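What follows is one structure encoded as structure tokens, with my remarks underneath.
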2 protein chains.
Amino acid sequence: MSKSVTLKEVAAKAGVSYQTVSKVVNNKASVSPETEKRIWGVIAELNYTPNYNGRSLRRQRSNTVGYTWEPSPADQANPILDAFLQSMFRAAEEEGYYLLCFPFHADDVRMLKVYHQLYNTGRVDGFVLSRLNYGEASVPFLLENKIPFVAFGRLEDQDQSFPYIDVDGGQGIAQAMDHLVSLGHRRIAALAWPEDSRVGNNRLEGYYRGLAKAGLMSDPNLIVRGEGTSAVGFEATTYLLGLPVDIRPTAIVCMNDMMAIGAMQAVRTAGLQPGRDIGVTGFDDTPTARYLTPPLTSISQPIPAIGENLMKRLIEYLETGSYPEPRCELVAPNLEIRESTAGYVPAKGRS
Amino acid sequence: MSKSVTLKEVAAKAGVSYQTVSKVVNNKASVSPETEKRIWGVIAELNYTPNYNGRSLRRQRSNTVGYTWEPSPADQANPILDAFLQSMFRAAEEEGYYLLCFPFHADDVRMLKVYHQLYNTGRVDGFVLSRLNYGEASVPFLLENKIPFVAFGRLEDQDQSFPYIDVDGGQGIAQAMDHLVSLGHRRIAALAWPEDSRVGNNRLEGYYRGLAKAGLMSDPNLIVRGEGTSAVGFEATTYLLGLPVDIRPTAIVCMNDMMAIGAMQAVRTAGLQPGRDIGVTGFDDTPTARYLTPPLTSISQPIPAIGENLMKRLIEYLETGSYPEPRCELVAPNLEIRESTAGYVPAKGRS
DNA sequence: ATGCTTGAGGCGAACGTTCGCTTAGAGAGA
DNA sequence: TCTCTCTAAGCGAACGTTCGCCTCAAGCAT
């Protein structure tokens with residue numbers, strides 16, 4: 001922090017009381033046009049910027065929003081981090097807010113303590129949460145302590161107890177299913193996440209919807225669960241390709257790009273060609289998805305719009321005391337079709 | 001911000017003046033052990049946390065560090081962002097500091113205004129800069145205004161006018177060259193960046209060093225410059241593979257992974273196999289590098305250590321008024337050898 | 001002339017800290 | 001006993017704002 005120009009210095013130079021300068025700065029009327037103009041002149045001349053610590057102290061708000069997120073493992077990039085952060089602090093800046101980033105702790109008790117600390121020390125006015133999962137401890141904690149927040153993601157489908165925006169992952173997977181069905185695929189497998197993943201279940205639900213819409217039966221043999229890594233994708237796919245040829249899938253829908261990467265490797269390892277022999281789709285539309293061999297069909301989320309919307313929502317609440325309607329929102333992802341689902345020729349004789 | 005417990009409330013309950021409580025909180029001696037214990041008891045009981053706006057106002061420092069970065073285009077992930085941010089705010093938290101993120105502006109004037117604003121409003125005590133390039137306007141501006149900062153990256157090799165940590169990209173490329181030479185490659189091409197890129201030039205310099213060390217001549221035909229995208233990598237490699245067979249390269253060293261991705265595609269398109277026929281190396285060790293086909297040999301940077309070090313350095317300066325020695329540091333990257341440089345069989349007859 | 005309204009601006013106080021000085025009292029040395 | 005030092009604690013002030021209330025003078029209707 002620097003020794004910077006204060007209200008009093010501006011006031012002295014402009015020949016008014018410093019409180020009057022404050023009024024001008026904050027657009028609180030009852031100042032004559034001439035005086036106001038003169039004051040603005042002095043402000044520009046001295047390059048005055050209001051001290052935010054003084055302002056925050058008096059106003060009892062810091063114009064700062066906190067955000068934390070779980071770090072990605074080294075072999076797995078966070079596909080949305082850059083865009084999400086950028087969109088949030090860009091939207092924040094327009095309203096005179098900034099984004100404070102702080103460390104994530106896997107330990108719930110420790111994490112809640114940090115939230116509490118940050119809020120009670122007056123460092124932040126509220127939080128943005130992301131990647132919620134069943135049993136998220138932060139949500140009830142923040143609600144109970146009346147700490148403002150918005151979330152990217154929801155906990156339960158019908159729960160509107162806090163404001164959120166979420167991507168309808170199920171709809172994304174359903175789009176992928178429609179696409180595969182339209183190409184002629186009839187035996188479609190799913191590489192799903194463990195059952196304790198809310199996001200995973202939401203996406204998987206789109207798989208069932210897709211099957212139902214196409215009038216296909218779901219076959220438990222064709223659903224393999226595991227962590228969303230390429231290793232799991234590889235193993236699961238190797239298993240699927242080893243099934244008897246009459247029940248072997250011709251396409252594999254993966255709940256994220258990492259699994260799809262592993263799946264494509266397994267397809268090649270089995271001497272087959274992804275796209276032509278076995279359709280593969282991912283989810284996230286990782287930047288490198290389009291550079292894989294073959295380029296991966298994937299599902300992209302409108303991250304910038306979500307980040308901007310979340311931040312504006314939170315700020316509106318902080319400023320006015322109520323959230324804009326609708327309180328909760330579900331947005332549709334977009335299917336990006338590439339070669340990993342191109343060129344499939346259905347075998348004759350099968351419907 | 002919440003209505004939280006203040007010093008005065010703690011003091012009232014403990015039967016001392018609030019200034020004495022302040023002394024205890026800040027470990028400023030001259031308080032008897034019993035009183036101190038009693039005060040700590042009340043603090044715990046009331047769950048007191050010092051208000052940072054009051055503290056910042058009085059201390060004239062905010063314990064906050066600012067950081068901004070250029071957003072990546074949608075098809076190109078920022079390979080270091082997550083790790084860099086995490087390491088920075090983790091190190092900051094240990095010292096009671098936090099990281100404030102704010103929007104990047106390509107327009108220099110606008111960007112400098114933001115730096116000035118953030119510092120003069122007392123929102124931040126200093127900055128971390130990254131991705132410096134020739135003619136970076138922020139460096140002279142911050143130096144001139146005596147605004148504290150540290151940088152990830154340098155401007156000129158011998159310039160020590162500001163504290164920085166940089167990766168010796170040249171050494172990384174030189175490692176890749178050694179590796180390729182040891183495999184028997186004698187004609188090695190480089191996909192370089194435009195000449196106005198300081199980082200690019202630093203890396204390319206390692207290419208020349210590697211050639212010299214192996215006693216090989218540098219051939220201008222084998223150096224192609226362009227933006228660090230996969231499209232450029234593809235085109236440049238297509239050109240290189242079209243050269244007469246006696247001067248055609250057997251290996252291609254790329255200044256980043258994106259170019260290497262394009263290069264490998266071009267190699268395959270030409271009916272050759274990356275690794276066996278043409279060795280390819282990248283730089284950055286993007287998380288997906290290991291999942292490419294074939295897995296890409298690349299150069300990784302010790303990002304977490306750099307982020308932590310930078311933050312600690314800056315905080316030490318803010319606390320003590322001087323930077324720890326050494327003021328500037330160059331760290332070595334690490335070559336990650338994978339299949340894109342495996343299995344090469346040198347043609348007979350050539351040395 | 002009187003009283004009422006309105007606009008322009010001043011003023012004291014408060015937000016929650018920390019800083020530096022003062023003071024009361026205890027204990028020590030002469 | 002007197003002073004001198006030391007420790008524990010108190011006190012006033014200040015950091016830079018914003019808030020609410022007050023004052024003063026001009027304008028206007030009665």
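No experiment lies behind these values; they were computed from the predicted model shown. What you see below is based on every heavy atom in this structure, not just the backbone, and it leaves out hydrogens, waters and symmetry mates. We name chains A, B, ... by the order of the sequence lines, and we start the count at 1 in each one.
When the P atom of dT17(C) is taken as reference, atom NZ of Lys28(B) falls 15 Å away, rounded to whole Å. Nucleotide dA8(C) holds its P atom 22 Å from the OH atom of Tyr18(A), rounded to whole Å. A straight line from NZ of Lys37(B) to C1' of dA9(D) spans 20 Å, rounded to a whole angstrom. Rounding to whole angstrom units, CZ of residue Arg59(A) and C1' of dC15(D) are separated by 17 Å. When rounded to the nearest whole Å, the span between CG of Asn51(A) and P of dT17(C) equals 17 Å. Taking atom CG of Asp125(A) as the reference point, atom P of dC15(C) lies 18 Å away to the nearest angstrom. Here dA14(D) presents its P atom at 17 Å from CG of Leu57(A), a figure rounded to the nearest Å. Atoms CG (Asn63(B)) and P (dT17(C)) sit 14 Å apart, rounded to a whole Å.
Note: Leu100(B) CG to Ser62(B) OG = 8.5 Å, rounded to the nearest 0.5 Å. Distance CZ/Phe141(A) to CZ/Phe149(A): 11.5 Å, rounded to 0.5 Å.
Ion pairing between Arg313(B) and Glu325(B) fails under the 4.0 Å rule for side-chain N and carboxylate O.
At least one side-chain nitrogen or oxygen of Arg55(A) sits closer than 4.0 Å to the OP1 or OP2 atom of dT18(D). Under 4.0 angstrom from either OP1 or OP2 of dG16(C) there lies at least one side-chain N or O belonging to Gln60(A). The phosphate of dC19(D) has neither OP1 nor OP2 within less than 4.0 Å of any side-chain N or O from Ser22(A). Contact annotation: Thr20(B) side-chain N/O to dG10(D) OP1/OP2 distance is under 4.0 Å. OP1 and OP2 of dC15(D) both lie 4.0 Å or more from every side-chain N or O belonging to Asn53(A). Proximity of Tyr48(A) to the phosphate of dT17(D): a side-chain N or O atom is located under 4.0 Å from OP1 or OP2. Between Thr35(A) and dG9(C), a side-chain N or O to OP1/OP2 separation shorter than 4.0 Å is present.
Both Lys8(B) and Ser32(A) lie close to DNA chain C; mapped to their nearest nucleotides by heavy-atom distance, the more 5′-ward contact belongs to Ser32(A).
In this structure, the side chains of Met311(A) and Ile315(A) come closer than 4.5 Å at one or more pairs of heavy atoms.
No engagement by Tyr52(B) is indicated, since no non-hydrogen atom pair under 4.0 Å with the nucleic acid exists.
With hydrogens and angles ignored, the 3.5 Å screen pairs no side-chain donor or acceptor of Asn309(A) with any backbone N or O of Ala305(A).
Between the side chain of Gln19(A) and the base of dG9(C), no donor-acceptor pair of N or O atoms lies under 3.5 Å. Interface remark: the Lys23(A) side chain does form a donor-acceptor pair with the dG10(C) base, using a distance-only criterion of under 3.5 Å. The base of dT18(C) sits with one of its N or O atoms less than 3.5 Å from a complementary donor or acceptor on the side chain of Arg58(B).
Between dA13(C), dT17(C), dG10(D), one nucleotide has an atom nearer to the side chain of Thr6(B) than all others, and that is dT17(C). Here dA9(D) is the nucleotide among dA9(D), dA8(C), dT17(C) with the atom lying nearest to any side-chain atom of Val31(B).
In this pair, Phe127(B) and Tyr115(B) present their aromatic rings perpendicular. The plane angle is above 60°, beyond the 30 to 60° band.
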